[in-house]
Amino acid sequence: MDRVTEARTQASSPSVALNGSTPMIRDTFLPFALPLIGEEEIEGVLTCLRSGWLTSGQKVKQFEQEFAAAMGAKHAIAVNSCTAALHLALEAVGVGPGDEVITTPMTFTATAAVIEHLGGKPVLVDVEPGTLNIDPTKIEAAITSRTKAILPVHFTGQAADMDPILEIAKRHKLAVIEDAAHAIPTRYKGRVVGSIGDITCFSFYATKNLTTGEGGMITTNDDARADRMRLMALHGMSKDAWKRYTQAGAWHYEILAPGFKYNLTDIAAAIGIPQLRHAGEYHARRLEIARRYTAAFANLPGIETPTVHDDVEHGWHLYVIQVRPEGMAIDRDQFIREIVAANIGVSVHFIPLHLHPYWRDRYGWKAEDFPTAYAAYQRILSLPIYAKMSDQDIDDVIHAVTRVANAHPMR
Ligand SMILES: Cc1ncc(COP(=O)(O)O)c(C=O)c1O
């Protein structure tokens, strides 16, 4: 039995029937996200521990090769987070003090923090109303003589509209670095995210579509930038540990730059290799969950389901619904409270960057400066969507959302 079939048929938590009729709540809490880890990952880690080689070595090399092949990219560089990947990518395209990088408010703070780590400045461009991806029609107005790069985020796993972004970047000689933390696997007009822009950065954080606990990957087709990122990922050293500590290696190395310590371990790669091999199977299950949710919520006036463009293959890392004030008498916060009371874990992606105290105060951003992101923020919540969910889990989510939405009709 494959992993998803095994998980889907496990009625892990039978719902509690009240009055012998329709179940109202689950008897246990459904976490918002859980990894699906199989025996191959466990065996892989044990083999690695027994081998005596724990840090970056042959497992990392193998993971990089398989990842590069899956993404159709020339180079894949394994690192210990997507944050590290973004930092290295921006450094490799030359972002430095005073430089500006254009990105979206609908992201996690890491996307912008790494720009500041290099002395640069994040410049936000509002999102499109449907997909909540960066709005390419607003990018050009944000470009100045200090702009170095555009950093789109493939929000929830749906590709940003890359063709206009690449065209603008080409015209203004800007680098395009993609934050693909949510986007495994994602396609844009048939092209795999991972070989579209100059550099693409992935996350293997514990809740992500492919996990190594913590981890990340960078893909690029650019030889010079790949060399620079490899160098900077490991202290700026001329040789990695494999080349120094194995019989074939030699002790001597040189420091060529003030690098970072961002390498992935072989222990993590041993988890990542089977995770990558199962990525298609996991994605098929998330797609199925998304379709079930969308069909079930289609007729609820208080719920807006995600907008998906025809020309993308959505990675479905997140399933974000919007509470419609026109169709429901409670707001998003109360809706969340009632869903959580029904034992369903939910989250909000994201509290837009410009609403956080640090970013707000640093750049004097006001909520209305990015009106689409701000309006969306007040309505969005993310429902559980992961390969480990059983059929019963999915039914429970659908039931809770439907029941709470129907309990508060507009009068
Ligand atoms: C859009 C986005 N970018 C970057 C990151 C950072 O990823 P990591 O935790 O692997 O550093 C995250 C993490 O959640 C994210 O959602």
Side-chain angles (χ1 to χ4, degrees), residues 15-19 21-26 29-30 32-33 105-106 126-133 135 155-158 182 285-312 314-352 355 367-368 370-386 389 391-411:
S15 304
V16 176
L18 296 183
N19 309 323
S21 61
T22 318
M24 293 293 281
I25 58 166
R26 295 164 55 90
F29 186 71
L30 177 69
F32 170 67
M106 226 42 181
D126 205 1
V127 293
E128 305 171 327
T131 62
L132 305 183
N133 269 321
D135 186 343
F155 179 68
T156 70
Q158 170 156 233
H182 301 178
R285 178 59 165 166
R286 288 194 307 276
L287 177 61
E288 188 184 343
I289 298 170
R291 286 187 173 145
R292 284 198 53 198
Y293 285 167
T294 298
F297 306 147
N299 296 320
L300 296 177
I303 300 293
E304 189 176 318
T305 55
T307 301
V308 183
H309 285 176
D310 290 342
D311 54 7
V312 303
H314 197 312
W316 289 115
H317 171 55
L318 297 171
Y319 188 91
V320 174
I321 58 171
Q322 301 196 31
V323 171
R324 295 181 70 244
E326 310 87 332
M328 207 188 308
I330 55 171
D331 65 9
R332 186 273 314 273
D333 291 0
Q334 180 60 21
F335 187 82
I336 288 181
R337 279 193 281 276
E338 296 193 22
I339 297 288
V340 173
N343 262 346
I344 305 294
V346 297
S347 191
V348 172
H349 296 87
F350 289 99
I351 302 169
L355 301 183
E368 296 75 19
F370 309 101
T372 310
Y374 181 51
Y377 166 61
Q378 293 165 75
R379 301 159 59 135
I380 49 176
L381 67 140
S382 310
L383 299 178
I385 181 165
Y386 46 97
M389 287 175 76
D391 291 339
Q392 181 69 56
D393 295 335
I394 301 164
D395 287 343
D396 289 346
V397 175
I398 291 173
H399 181 64
V401 169
T402 307
R403 186 173 57 78
V404 175
N406 284 338
H408 302 284
M410 289 304 283
R411 305 214 182 267

So do the side chains of [X] and [Y] get within less than 4.5 Å of each other, counting heavy atoms only?
X    : Y    : value
M410 : M328 : no
E338 : I330 : yes
E128 : T131 : yes
V397 : M389 : yes
L355 : Y374 : yes
H317 : T156 : no
V401 : F335 : yes
D393 : R26  : yes

For the residue pair T294 and Y319, confirm or rule out a side-chain donor-acceptor distance under 3.5 Å.
->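 Distance-only check passes for T294 and Y319.
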
Rounded distance (nearest 0.5 Å) linking atom [atom1] of [X] with atom [atom2] of [Y]:
X    : Y    : atom1 : atom2 : result
I339 : R403 : CD1   : CZ    : 7.5 Å
S347 : I336 : OG    : CD1   : 8.0 Å
I385 : L318 : CD1   : CG    : 8.5 Å
L132 : I380 : CG    : CD1   : 6.5 Å
D135 : T372 : CG    : OG1   : 7.5 Å
H399 : I394 : NE2   : CD1   : 15.5 Å

For [X] versus [Y], what's the shortest heavy-atom pair and its separation?
X    : Y    : value
P129 : Q322 : O-NE2, 4.4 Å
G345 : F29  : CA-CZ, 3.3 Å
P384 : I289 : O-CG2, 4.5 Å
P301 : R324 : O-NH1, 2.6 Å
A400 : I344 : CB-CG1, 3.8 Å

Under the salt bridge (charged side-chain N to carboxylate O under 4.0 Å, His left out) rule, what pairs show up with a residue in residues 339-349, not counting sequence neighbours?
->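 Sorted result for residues 339-349: empty, none.
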
Sidechain-backbone polar pair: [X] side chain, [Y] backbone, donor-acceptor under 3.5 Å:
X    : Y    : answer
N133 : V127 : no
R332 : L381 : no
H309 : D311 : no

Counting only heavy atoms not in R337, do more than 12 fall under 6.0 Å of its CZ?
->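 Yes, CZ of R337 has more than 12 neighbouring heavy atoms, counting only those of other groups under 6.0 Å.
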
Count the heavy atoms of every other residue, nucleotide or ligand shown that sit under 6.0 Å from CZ of F32, and state whether that count exceeds 12.
-> yes

Does the salt bridge (charged side-chain N to carboxylate O under 4.0 Å, His left out) test come out yes or no for R291 and E288, once each step is laid out?
-> CA-CA 5 Å; R291 286 187 173 145; E288 188 184 343; over 6 Å; no

Taking the six-membered ring where the residue is Trp, are the ring centres of F297 and Y293 under 6.0 Å apart?
->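 Centroid distance F297-Y293: below 6.0 Å, so yes.
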
Would you please indicate yes or no on a ring centroid separation below 6.0 angstrom for F350 and H182?
-> yes

Go through the steps to decide whether D331 and R379 satisfy the test salt bridge (charged side-chain N to carboxylate O under 4.0 Å, His left out), and finish with yes or no.
-> CA-CA 8 Å; D331 65 9; R379 301 159 59 135; over 6 Å; no

